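Computed over heavy atoms, backbone and side chain alike; hydrogens, waters and symmetry mates excluded. Because the structure is predicted, anything quoted here is derived from the model rather than measured. Letters go in sequence order (proteins before strands), and every chain restarts at 1.
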Amino acid sequence: MPELPEVETLRRDLRERVLGRTFVEVWVSPDAPRLVREQSPEEFRKALMGRRIDDIGRRGKYLDFILSDGQHLVVHRRMSGNFLHRRDGAGPDPYLRAVFRLDDGSELRYCDLRKFGSMWLVADPALVLAGLGPEPLDPGFTPAELERRVGHRAAPIKSVLLDQRAIAGLGNLYSDEALFAARIHPQRPARSLSRKEFRRLHGGIVAALEQGLRNRGSSLGSSLRDHVNLDGVPGSNQDRVQVFQRTGEPCYTCGTPIRRMRLGGRSTHYCPRCQPSGAMEARG
DNA sequence: AGAGTAGCCTGTAAGC
DNA sequence: TGCTTACAGGCTACTC
């Protein structure tokens with residue numbers, strides 16, 4: 001699923017490929033009525049035509065295309081959204097929901113099997129992005145900042161990590177990986193964590209995200225459903241995860257079978273030995 | 001205010 | 001074999 005490393009990988013690839021290009025035609029599938037949020041498909045098309053892509057940013061899991069008229073095309077891929085960059089005349093792609101033809105003859109195609117993805121064309125991106133928590137890879141994101149933002153909450157730490165208002169960009173995979181790296185049980189109430197544990201958790205979050213970035217993201221399902229790059233190629237971080245979707249397989253650190261539990265409505269994976277829940281062990 | 005959960009979607013896999 | 005059910009998870013909207 002696209003989390004921070006997958007969206008950032010896409011942002012970097014898009015900058016290489018489409019920066020400075022101009023939209024010459026835009027099509028939105030009538031089969032995706034919820035994709036464009038702020039205007040009708042026709043208004044969306046007219047507003048984009050002739051606009052140039054001046055820069056591409058990211059905030060949490062949102063992409064931000066900054067256009068030559070000052071407008072922002074903000075995109076969230078949710079679960080199964082992918083951009084593909086195709087030359088003119090390339091064959092069809094399944095689950096195609098929108099096409100952006102560019103002035104070099106290429107096409108930016110948006111494919112999304114589950115149709116959860118969203119696009120907003122807005123003058124002020126804060127309309128969409130306000131309320132997001134800090135960027136976990138920014139230098140200003142420190143263990144103290146993490147503790148200040150979530151240290152009072154009674155919910156399980158795993159649920160809090162998924163809350164985009166607390167920290168922007170973590171999803172199910174990188175939350176589980178960060179907690180394993182920090183040796184913290186996912187069910188621990190956030191407010192029960194010690195200062196030392198917040199330091200470990202901060203390090204775990206940064207390490208999990210940076211590993212994902214180094215491996216160009218994680219791609220777990222088939223390429224039709226999960227993250228791929230502009231050429232349809234998956235990332236490789238799924239081969240390096242420690243706990244995510246490894247239920248029953250031995251922990252790489254201690255050999256104990258990885259367990260799965262349900263938390264915050266999500267599957268949660270952890271090592272019961274490396275991530276102890278008891279008060280005695282938690283002090284470690 | 002904070003916590004928990006149904007619903008949005010579609011495809012895959014497990015169970016009977 | 002073929003049907004039904006559970007599951008996958010980011011986010012919003014809703015309830016308590």
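For A:Gln164 and C:dC11, the shortest distance from a side-chain N or O to OP1 or OP2 is below 4.0 Å. Within the 4.0 Å cut-off from OP1 or OP2 of B:dT10, at least one side-chain nitrogen or oxygen of A:Lys115 is found. Between A:His76 and C:dC11 there is a side-chain polar atom (N or O) within less than 4.0 angstrom of OP1 or OP2.
The side chain of A:Tyr95 has B:dT10 as its nearest neighbour among C:dG10, B:dA3, B:dT10. Closest contact between the side chain of A:Arg34 and the listed nucleotides B:dG4, B:dC9, C:dG10 involves B:dC9. Checking B:dG4, B:dT10, C:dC11 against every side-chain atom of A:Ala155, the shortest atom distance belongs to B:dG4.
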Please write out each protein N/O paired with an N/O of nucleotides 12-16 of chain C under 3.5 Å, distance rounded to 0.1 Å.
none

Between N or O atoms, less than 3.5 Å apart, protein on one side and nucleotides 4-8 of chain C on the other: list the pairs.
residue: C:dA8; atom: OP1; partner: A:Arg260; partner atom: NH1; Å: 2.8
residue: C:dA8; atom: OP1; partner: A:Arg260; partner atom: NH2; Å: 3.4
residue: C:dA8; atom: OP1; partner: A:Ser267; partner atom: OG; Å: 2.5
residue: C:dA8; atom: OP2; partner: A:Arg262; partner atom: NH1; Å: 2.5
residue: C:dA8; atom: OP2; partner: A:Ser267; partner atom: OG; Å: 3.2
residue: C:dA8; atom: N1; partner: A:Arg114; partner atom: NH2; Å: 3.3
residue: C:dA8; atom: N3; partner: A:Arg114; partner atom: NH1; Å: 3.4

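Two residues, A:Arg165 and A:Asp31, neighbour DNA chain B, and the one matched to the more 5' nucleotide by heavy-atom proximity is A:Arg165.
Straight-line distance from the CE atom of A:Met79 to the C1' atom of B:dG11: 13 Å, rounded to whole Å. Per the geometry, CG belonging to A:Leu263 stands 14 Å off P belonging to C:dG10, to the nearest Å. Distance CG (A:Leu162) to C1' (B:dT5): 14 Å, rounded to an integer number of Å. Across the protein-nucleic acid pair, A:Asn82 atom CG and B:dC9 atom C1' stand 16 Å apart, rounded to whole Å. Regarding A:Asp226, its CG atom lies at a distance of 18 Å from the P atom of B:dT10, rounded to whole Å. Here C:dG10 presents its C1' atom at 14 Å from CG of A:Leu173, a figure rounded to the nearest Å. Here C:dC11 presents its P atom at 16 Å from CG of A:Leu35, a figure rounded to the nearest Å. Atom-to-atom, CG of A:Leu63 to C1' of C:dG10 comes out at 15 Å; the value is rounded to the nearest Å.
Residues A:Glu25 and A:Arg45 are paired through a salt bridge, judged by an N-O separation under 4.0 Å between the basic side chain and the carboxylate. The existence of a salt bridge linking A:Asp112 and A:Arg77 is excluded, since no basic side-chain nitrogen approaches an acidic carboxylate oxygen closer than 4.0 Å. Between A:Asp103 and A:Arg52 no salt bridge is recorded (no basic side-chain N to carboxylate O distance below 4.0 Å). Between A:Arg12 and A:Glu8 a salt bridge is recorded (basic side-chain N to carboxylate O distance below 4.0 Å). Taking 4.0 Å as the cut-off between side-chain N and carboxylate O, A:Glu3 and A:Lys61 do not count as a salt-bridged pair.
With hydrogens and angles disregarded, no donor-acceptor distance shorter than 3.5 Å links the side chain of A:Ser68 to the backbone of A:Arg51.
For A:Arg259, the CZ atom is loosely surrounded, since the number of other residues' heavy atoms within 6.0 Å does not exceed 12.
If you look at A:Phe141 and A:His202, their ring centroids are closer than 6.0 Å.
As judged by a 4.0 angstrom heavy-atom cut-off over every strand, A:Arg153 is placed among residues touching the sugar-phosphate backbone only. Within 4.0 Å (heavy atoms only), A:Gly265 reaches no atom of the nucleic acid at all.
Spacing between C:dC14 and B:dC9 at atom P, rounded to whole Å, works out to 15 Å. Here, B:dG11 and C:dT1 have their P atoms 23 Å apart, quoted to the whole Å.
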message: Pair A:Ser118, A:Arg78 - check side chain to side chain donor-acceptor pair (under 3.5 Å), show working.
response: CA-CA 8 Å; A:Ser118 309; A:Arg78 311 280 182 198; 2.8 Å; yes

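Ring-plane geometry between A:Phe83 and A:Phe65 is classed as perpendicular, the angle between the planes exceeding 60 degrees on a 0 to 90 degree scale with a lower cut at 30.
By the stacking rule of 5.5 Å between ring centres and under 30° between planes, A:Phe116 stacks on the base of B:dC8.
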